[in-house]
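Below: one structure, written as structure tokens.
Just so we're clear, the structure is a prediction, and the values are computed from it rather than from any experiment. Quick note on labels: first sequence line is chain A, next is B, and so on, each numbered from 1.
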Amino acid sequence: MLIAIDNKQNRRFRTIMSKGLTTRAEDYSRWYTDVIMAAQLADYSPVKGCMVIRPNGYALWEKMQAALDKMFKDTGHVNAYFPLFIPESFMKKEAEHVEGFAPECAVVTHGGGKKLEEPLFIRPTSETIIWSMYKKWIQSHRDLPILINQWANVVRWEMRTRLFLRTTEFLWQEGHTAHATAEEAEEETIKMMNVYAKFAQDFMAIPVIRGIKTEQEKFAGAVRTYCIEAMMQDKRALQAGTSHNLGQNFAKAFDVTFQDENGDLKLVYATSWGVSTRLIGAIIMTHSDDKGLVLPPKLAPVQVVIIPIWKGDDQKDAVLQKVEEMTIQWNGRFAFKVDDREGYRPGWKYNEWEQRGVPLRIEIGPKDVENNQVMMARRDNGEKTAVPMANLSMTVERTLETIQNDLFKKALAYRDENLIEIDSYDEFKEKINDPGGFFWAHWCGQNACEDRLQEETKATIRCIPIDDSKRVEEGTCMLCGEPSHERVIMAKAY
RNA sequence: CGGGGCGUAGCGCAGUCCGGUUAGCGCGCCUGCCUUGGGAGCAGGAGGCCCCCAGUUCAAAUCUGGGCGCCCCGACCA
């Protein structure tokens, strides 16, 4: 007992308060929280299950938003904003949707000191209110397609929450589109899944598997749900984005029809798609290490931090002068910060910026000024090299690109190492816990086997892959032995 | 909702079993000096409804009863 307490005490003592964080090996989930706290990305709020996104975290989100928003605009979408409150009756119009969301909704019953005639749901997602409006806006095929996105907060009353990964309130974007044909809606659904995959790989440097959700895992109210799945460092899966083909379900529920070229009245086809601040959790768990956060350069709010080093005022002036000259052409090229705070020693600053995930650090002291060079340290692999002052901007730019690419390669290699084919259920039951990972396995397509899988192993079918991870081949269901025509991805998920 | 852990300074904790000085320790914070190439040092200082309520007692952080909250692990979920 005493020993246990001592250990705990020592560990905490040794961690945030003094030097390093809890390591991944020690306690992965505590490490995750420590990284967030040390990088000051977020903090717990007074309200259970909610979090405050601090400036460092919000700056990251803004970078993500900017990149995604551009991708949405480039694919023809426009932004709009729909209200937070949804009439209860709306929520109840689509049967599966109600069933899926009712248990996790927050409901406002009072306003202005009086009981409301009709309770207002706080949106867990906006399909219903949006389709109530689309009904007003759509009459003719000429009104289609509608390609609207909104950046918003939503509330889902989760039983168990974790910073960024699952909080009661979270920020996201939700695209809601309306189309004349099923083909067009399907095309849109896949297109947006691909946008997400591209964003994940090119910006977040996270490799993802694109796939289709099983009937049980799909969105409540969708005909078909596409997703991107990423592997975290603990080898668990994280659903990083979803894109739903809603078919005519919401058009039916809200009676949204249009007249086609022939004057026939037809139901509209719908899609919806979203990614959330959960992606910040994905970035943390994919790239960060025991020293703290590691950010991909393309999304890092501060890409380069410059640490001037000096002894005495003369040196200080000379070094800062050099820094000034050096960075004068950097404005608008990359995001940098000069940390010339007094009273903190260089080593202290190195650690602080490492915890915050800044991709590149440049140290410049009297010796460097003399030699017309700087020291450059990469956050991702710790490499520290002397770099000539000449063409420094170019070197920095290239190094940032290299880091971005290396992060992706490293994550991809890790993912692939831990993505294995498996045929024996007994073997699976062992390996899902140790070493863990993503497993390609045959599945017959029946709910019963899927349920059994989850009950017995806590793993779920993450998706039926449709990209390079697709494995079409004849086989037998790992669980029941019935015929299967392709493999699915099974893993434990967040 | 079940299981576990915990509420004492900004953070991490000791003290609680066995009631009794002015409630401590580390880190952080403030002031000054000195320093600055991987989390320096010295000196001084500020900071506490000991989660809340009730009870027992001459006396409660400590005992009793009740409540609240948080974290972790499970069942549900992006």
Here the distance between atom C1' of B:C72 and atom CG of A:Asp34, to the nearest Å, is 13 Å
Aromatic rings A:Phe72 and A:Trp151: how do their planes relate, parallel, tilted or perpendicular, breaks at 30° and 60°? tilted
With rounding to whole Å, what would you report as the distance between B:G55 and B:U62 at their P atoms? 14 Å
Take A:Phe203 and A:Phe408 through the test ring-ring contact (aromatic ring centres under 6.0 Å, His included) and record every step on the way to the result. CA-CA 9 Å; A:Phe203 287 85; A:Phe408 180 77; over 10 Å; no
Consider the side chain of A:Ser29, meaning its heavy atoms from C-beta on, and name the nucleotide among B:U36, B:C72, B:A75 that approaches it most closely. B:C72
Please give the distance between the C1' atoms of B:C52 and B:G47 as a whole number of Å. 23 Å
So, do A:Gln446 and A:Glu215 sit near enough that their side-chain heavy atoms are less than 4.5 Å apart? no
How close or far is atom P of B:C76 from atom CH2 of A:Trp157, stated in whole angstroms? 21 Å
Give one of base, sugar-phosphate or nothing for A:Arg341, where a contact means two heavy atoms less than 4.0 Å apart. nothing
Strictly by Watson-Crick or wobble contacts shorter than 3.5 Å, is anything paired with B:G44, and which nucleotide is it? B:C30
Searching all strands shown, indicate the nucleotide that pairs with B:C25 (Watson-Crick or G-U wobble; both distances under 3.5 Å). B:G12
Measure from NZ or CZ of A:Arg452 to the centre of the six-membered ring of A:Trp443, then state whether that distance is under 6.0 Å and the direction lies within 45° of the axis. no
Rounded to whole angstrom units, what separation is found between the CD atom of A:Glu158 and the P atom of B:C76? 12 Å
Base, sugar-phosphate, or nothing: which does A:Phe219 touch, judged by heavy atoms less than 4.0 Å apart? nothing
Among the candidates B:G39, B:G38, B:U36, find the nucleotide nearest to the side-chain atoms of A:Trp348. B:G39
Which whole number of Å gives the distance between the P atom of B:C71 and that of B:C30? 29 Å
Would you list the atom pairs, donor with acceptor, under 3.5 Å between side chains in residues 294-307 of chain A and any protein atom, with sequence neighbours excluded?
residue, atom, partner, partner atom, Å
A:Gln303, OE1, A:Ala335, N, 2.8
A:Gln303, NE2, A:Pro297, O, 3.0

Work out how far the P atom of B:G15 is from that of B:G7, and round it to whole angstrom. 10 Å
Quick check with a 6.0 Å cut-off and a 45 degree axis cone: is A:Arg356 positioned over the face of A:Trp353's six-membered ring? yes
By the 4.0 Å heavy-atom rule, please label A:Glu354 as base, sugar-phosphate, or nothing. base
May I ask you to say what A:Pro103 touches in the nucleic acid, namely base, sugar-phosphate or nothing, with a heavy-atom cut-off under 4.0 Å? nothing
Whole-Å C1' distance, B:A14 and B:A9: 14 Å
With a 4.0 Å cut-off on heavy atoms, is A:Ser45 in touch with a base, just the backbone sugar-phosphate, or nothing at all? nothing
Base, sugar-phosphate, or nothing for A:Lys458, non-hydrogen atoms under 4.0 angstrom? sugar-phosphate
B:A60 and B:U64: how far apart are their C1' atoms, nearest whole angstrom? 11 Å
Could you check whether A:Leu238 gets within reach of a base, just the sugar-phosphate, or nothing at all, counting any heavy atom under 4.0 Å? nothing
Rounded to whole Å, the CE-C1' distance (A:Met37 to B:C70) equals 12 Å
Considering only side-chain heavy atoms of A:Tyr344, which listed nucleotide, B:G39, B:C29, B:G37, is closest? B:C29
Establish whether the base of B:G38 is bridged to the side chain of A:Lys384 by a donor-acceptor pair shorter than 3.5 Å. yes
Using the C1' atoms only, state how far B:G28 lies from B:C11, rounded to an integer number of Å. 7 Å
A:Tyr350 has an atom OH; how far is it from atom C1' of B:A40, in whole Å? 14 Å
Let's test your reading of the model: under 3.5 Å, does the base of B:G41 pair with the side chain of A:Arg345 as donor and acceptor? no
To the nearest Å, how far apart are A:Asp451 CG and B:C76 C1'? 14 Å
Inter-nucleotide C1' distance (B:C13, B:U36), Å rounded: 32 Å
Pick base, sugar-phosphate or nothing for A:Gln315, based on heavy-atom distances below 4.0 Å to the nucleic acid. nothing
Using the closest heavy atom to pick a nucleotide of RNA chain B for each, name whichever of A:Met159 or A:Thr168 lands nearer the 5' end. A:Met159
Assign A:Lys213 to base, sugar-phosphate, or nothing according to its heavy-atom contacts below 4.0 angstrom with the strands shown. nothing
Let me see the working for A:Glu229 and A:Lys213 under salt bridge (Lys or Arg N to Asp or Glu O under 4.0 Å), right down to the final yes or no. CA-CA 10 Å; A:Glu229 295 282 331; A:Lys213 286 291 184 191; 2.6 Å; yes
Among B:C72, B:U36, B:G37, the nucleotide that comes nearest once only the side chain of A:Glu363 is considered: B:G37
Should B:G2 form a Watson-Crick or G-U wobble pair with both distances under 3.5 Å, which nucleotide is its partner? B:C73
